[in-house]
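Comments concern the structure below.
Chain naming here is simple, since letters A, B, ... match the order of the sequence lines and numbering starts at 1 in each.
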Number of protein chains: 2
Amino acid sequence: MVHYIHSNRILVALDCIIFGFDGEEIKLLLIKRNFEPELGKWSLMGGFLNADEDLEAAAHRILYNLTGLDNNYLEQLQTFGAVKRDPVERTISVVYYALVNSQQQDLNAIRAHNAYWISLSEKPDLIFDHDAMVEQALRQLRYKAALHAIGFELMPEKFTIPQLQKVYEAIYTKLLDRRNFSRKILSTDLLIDTGEKDTNSVTKKGKLYRLNTEKYQKYLTDYVSFFPELTLS
Amino acid sequence: MVHYIHSNRILVALDCIIFGFDGEEIKLLLIKRNFEPELGKWSLMGGFLNADEDLEAAAHRILYNLTGLDNNYLEQLQTFGAVKRDPVERTISVVYYALVNSQQQDLNAIRAHNAYWISLSEKPDLIFDHDAMVEQALRQLRYKAALHAIGFELMPEKFTIPQLQKVYEAIYTKLLDRRNFSRKILSTDLLIDTGEKDTNSVTKKGKLYRLNTEKYQKYLTDYVSFFPELTLS
DNA sequence: AGCGAATAGTGTGTATTGAACACAATTATA
DNA sequence: TATAATTGTGTTCAATACACACTATTCGCT
């Protein structure tokens, strides 16, 4: 097989920012490292790109190994490539972020990796440039959620409109008007009334909806300003 | 120096999609390859990441070598990493896109690289996955220009409002209303009247403006829905 | 010099959308 | 059965988008 003459072959890592939602707050799935390097410190879940593995496949592998989840929103964020970013050896890292609804995750796999769901407000300092990665992922999440209807990705199968509202309020740390929120969501025609009611609710039980997945696909691919009022800064 | 045990060190390439504007159409700076591999075919301008070079610096180097330009809008687009994307050898490519105002470019450097400004409508087929890269860059350009005021990056130092309108019409292949466009741009307070008039114009000479660069920085970093009406599809 | 063609610039009304707020309905608990 | 807490629906006002009318400047032609 022919090769390029250029000799600078380097390690390609992947790191995953995994966002979840517990009903109140946005959470991150972080690793308390029980391996070298930087043993004992906190980091993102990551791994190296294998020789016969597509980049996208590697991202799915890493996410699957940690969470047992395989069917989530997963998007490439950016590639970090400063020379000194990894003190061990020159490594560039292709960063992905995932949105998971924390329902059918594999708790054993998570425990085995020494991973924990941590609130954004309680995030510890992370190794290398992982803090910058999280910061950028959060910016991208806010950006994207204002334009596309990805808030649903953090919801369980069935959910009420007030629950969905909590996701957006958590993403933007900003309270929204119930009445206007409800009208906006319903006007998209993305929700299907299941006929069921939320049993967890203490007082009035809200309608449980599920996502109209076909229409949702259009909302993802099309550029639609979903929440123009949620501008950043 | 310590190294990772993982053995899969691979080549990291960078490819640049370079957008320009000639007053009528969006143009791409493409290479008619006079070197291997794929000699004689068209491609993006690219190169390999060097050992002691930050990723961002490599992108600037490649753009500078080709155009002589060093102070342009340059943004990382995405990293392409399919196993077979480069038939010569496994290579991942970090793709950047640049917006240049085709004024003070180094024509000798461009000629030396056998590069040409090609209209989007006349783009030839490119090697490897470069077509997909261009397609995605164009999508990103449309996305971004609808939200942020990056249309200015394709303008010369001084320009008239109708000229700026042409940029947006070229990006979206869509005609815009003169009156509303003018009002919207002026309301941003991003333009400074130079007092001069456009001498090239055949009939009524328009006012020449220049960009208020401080305010412009805010428009770039802030999320602002710049042209909500320019939705994609 | 005067006129028409072409392009640049300013103004105005209507329809749509966002945002604030009032009120009615449901359910557990006291 | 009243009360507290939360959900669901309606209404009004202001801001913005959008369509379209009109005026202004400049060149070239008669």
Using whole Å, report how far [atom1] of [X] lies from [atom2] of [N].
{"X": "Lys207(B)", "N": "dT7(C)", "atom1": "NZ", "atom2": "C1'", "result": "15 Å"}
{"X": "Phe181(B)", "N": "dA17(D)", "atom1": "CZ", "atom2": "P", "result": "14 Å"}
{"X": "Lys184(B)", "N": "dG9(C)", "atom1": "NZ", "atom2": "C1'", "result": "18 Å"}
{"X": "Tyr168(A)", "N": "dG18(C)", "atom1": "OH", "atom2": "P", "result": "14 Å"}
{"X": "Ile185(B)", "N": "dT10(C)", "atom1": "CD1", "atom2": "P", "result": "14 Å"}
{"X": "Leu176(B)", "N": "dC18(D)", "atom1": "CG", "atom2": "C1'", "result": "12 Å"}
{"X": "Glu169(B)", "N": "dT7(C)", "atom1": "CD", "atom2": "C1'", "result": "14 Å"}
{"X": "Gln163(A)", "N": "dG8(D)", "atom1": "CD", "atom2": "P", "result": "10 Å"}

Neighbour count >12 (heavy atoms, 6.0 Å) for atom [atom1], [X]:
{"X": "Asp70(A)", "atom1": "CG", "result": "yes"}
{"X": "Lys41(B)", "atom1": "NZ", "result": "no"}
{"X": "Lys27(B)", "atom1": "NZ", "result": "yes"}
{"X": "Glu157(A)", "atom1": "CD", "result": "no"}

Using a distance-only test with no angle check, is there a side-chain donor-acceptor pair under 3.5 angstrom linking [X] and [Y]?
{"X": "Trp117(A)", "Y": "Glu25(A)", "answer": "no"}
{"X": "Asp15(B)", "Y": "Ser93(B)", "answer": "yes"}
{"X": "Gln140(B)", "Y": "Gln136(B)", "answer": "no"}

Check: Quick check, are the ring centers of His148(B) and Tyr143(A) under 6.0 angstrom apart?
Finding: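 They qualify: ring centres under 6.0 Å apart.
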Next item on the list: Enumerate the residue pairs fulfilling ring-ring contact (aromatic ring centres under 6.0 Å, His included) with a member in residues 185-218 of chain A, sequence neighbours excluded, ordered by first and then second residue.
Entry: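 As it turns out, the ring-ring contact (aromatic ring centres under 6.0 Å, His included) pairs with a partner in residues 185-218 of chain A, which skip direct neighbours, are Phe152(A)-Tyr216(A).
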Next item on the list: Let me have a per-nucleotide readout for nucleotides 20-30 of chain D, 5' to 3', with B, S or -, counting only protein heavy atoms under 4.0 Å.
Entry: BB--BBBS---
Under 3.5 Å, which N/O atoms of the protein pair with N/O atoms of nucleotides 1-4 of chain C?
none

